[in-house]
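All remarks here apply to the structure that follows.
On a predicted model such as this, the values are computed, not experimentally measured, just so you know. Here is how names work: the chains are called A, B, and so on, in the same order as the sequence lines, proteins then strands, and each is numbered from 1.
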There are 2 protein chains.
Amino acid sequence: MSVTTGERKESASCPMDFILRMLMGPWTTYILYNLKTHGPQRFGELKRRVQGISAKMLTERLRTLEGAGLVRRDYEATIPPKVTYSLTQRGHELDEVMGTLAEIGTRWEAEDAARRAVRAAELKAAE
Amino acid sequence: MSVTTGERKESASCPMDFILRMLMGPWTTYILYNLKTHGPQRFGELKRRVQGISAKMLTERLRTLEGAGLVRRDYEATIPPKVTYSLTQRGHELDEVMGTLAEIGTRWEAEDAARRAVRAAELKAAE
DNA sequence: GCTAGTAGGTACGGATTCGTAACCAACGAG
DNA sequence: CTCGTTGGTTACGAATCCGTACCTACTAGC
């Protein structure tokens with residue numbers, strides 16, 4: 001599947017698919033999360049915060065997000081150049097869903113951890 | 001990124017990432033959507049409905065979803081075997097988010113279409 | 001005996017992806 | 001005159017993904 005370029009053959013009739021393709025792609029959620037919580041940021045700042053991402057990936061993801069209208073790119077042709085990225089209004093429309101997803105994800109992780117703990121305790125008791 | 005197997009190195013501190021990895025993976029949304037709207041289904045039924053998917057992919061995705069606790073697999077060792085898949089309670093917890101995502105996706109698609117139409121009209125008027 | 005259908009598993013291979021490393025342009029500092 | 005900074009781009013290569021094709025075991029139907 002092409003996470004980056006959008007549809008592969010036919011995305012036919014699943015609007016979720018389009019939007020999830022956007023949100024997915026390796027670093028996307030980290031980028032959006034950072035732009036949301038820390039506000040507009042310059043390229044280097046963002047790169048430093050999204051630990052481990054390469055300039056190439058960051059550029060590519062930002063271009064994709066920009067193309068989808070989720071992120072705005074402000075370029076100042078100073079020397080050295082200054083490029084600031086920020087969430088667009090459309091980008092902020094995802095705040096709520098992302099919040100919900102994060103909440104569910106967190107809950108599930110906690111539940112899974114609890115379940116593992118119980119199972120471990122049972123195993124120990126069965127010794 | 002490994003959509004299928006979950007984290008690659010560190011998913012560190014982004015619960016959205018975990019859950020989106022689940023929802024993503026090529027056919028996942030189609031599968032969940034079908035299980036949600038058409039209820040529990042057998043393997044072949046599902047395969048027929050999720051048009052174009054290969055048995056391999058369907059099996060793999062279902063196993064992943066099962067592993068994440070979103071889908072339940074009921075196996076009856078009749079001849080021929082009968083395997084029914086259904087959403088678990090956890091699977092249904094995503095109903096609302098998926099609905100919201102679908103709504104946003106649909107709206108954006110419509111907005112984009114409208115914008116393209118306007119642009120096309122402008123181009124035509126400028127001839 | 002041959003085919004179809006059920007629910008997959010396995011092997012291969014082309015395409016895609018993503019990380020690494022190198023490079024670029026302009027300029028200010030030393 | 002070289003170095004560092006910013007915001008990238010490009011080339012390469014290894015890893016991964018996912019579709020195709022073929023295999024299983026069993027039975028029913030012709």
Next item on the list: Spell out, yes or no, whether B:Y33 and B:Y30 are grouped together once hydrophobic residues are joined by side-chain heavy atoms under 4.5 Å, including indirect joins.
Entry: no
Checklist line | Whole-Å distance separating the CG atom of B:L46 from the C1' atom of C:dG8 | finding: 14 Å
Item checked: Which nucleotide in D:dT9, D:dT20, C:dG8 has an atom nearest any side-chain atom of B:S54 -> D:dT20
Item checked: Spacing between B:K47 atom NZ and D:dT20 atom C1', to the nearest angstrom -> 12 Å
Notebook entry, point to check: Ion pair present between B:E103 and B:R107, side-chain N to carboxylate O less than 4.0 angstrom?
Noted result: yes
Check: Picking from C:dG8, D:dG8, C:dA7, which would you name as closest to the side chain of A:A55?
Finding: D:dG8
Note to self: Between A:Y85 and B:P81, which residue's closest nucleotide on DNA chain D lies nearer the 5′ terminus?
What the structure shows: A:Y85
Note to self: Minimum heavy-atom separation for B:R63 and B:Y85, please, with both atom names.
What the structure shows: NH2-OH, 3.6 Å
Next item on the list: Return the value, rounded to whole Å, for the distance between atom CZ of A:F43 and atom C1' of D:dG7.
Entry: 6 Å
Notebook entry, point to check: Is the CD atom of B:E66 crowded by more than 12 outside heavy atoms at less than 6.0 Å?
Noted result: yes
Check: Considering only C:dG9, C:dC18, D:dT27, which nucleotide approaches the side chain of B:R63 most closely?
Finding: C:dG9
Check: What integer distance in Å separates B:E45:CD from C:dG5:P?
Finding: 16 Å
Check: Rounded to the nearest Å, what distance is computed from the CD atom of residue A:Q51 to the C1' atom of nucleotide C:dG19?
Finding: 16 Å
Check: Would you say A:R61 reaches C:dC18's phosphate, i.e. side-chain N/O to OP1/OP2 under 4.0 Å?
Finding: no
Notebook entry, point to check: Taking atom P of C:dT6 as reference, at what distance in whole Å does atom OH of B:Y75 sit?
Noted result: 14 Å
Check: From C:dA7, C:dG19, D:dG7, pick the nucleotide closest to the side chain of A:M57?
Finding: C:dG19
Next item on the list: Report the residue (B:R48 or A:P80) whose heavy-atom-nearest nucleotide on DNA chain C is the more 5′ of the two.
Entry: B:R48
Notebook entry, point to check: Is B:T59 touching bases, backbone alone, or none of the nucleic acid, heavy atoms closer than 4.0 Å?
Noted result: sugar-phosphate
Check: Do the side-chain N or O atoms of B:W27 get closer than 4.0 angstrom to the phosphate oxygens (OP1, OP2) of D:dC17?
Finding: no
Check: Do the charged groups of A:R49 and A:E45 touch, with an N to O distance under 4.0 Å?
Finding: yes
Checklist line | Minimum-distance nucleotide to A:K56 side chain [options: C:dT6, D:dA11, D:dG19] | finding: D:dA11
Notebook entry, point to check: Could you state the CG-P distance from A:D74 to D:dG7, rounded to the nearest angstrom?
Noted result: 13 Å
Checklist line | Atom pair distance, as rounded to whole Å: CD1 in A:I79 and C1' in D:dT6 | finding: 9 Å
Check: Does a nitrogen or oxygen in the side chain of A:R42 sit under 4.0 Å from OP1 or OP2 of D:dG7?
Finding: yes
Checklist line | Nearest-neighbour nucleotide for the A:R73 side chain, D:dG7, D:dG8, C:dA7 considered | finding: D:dG8
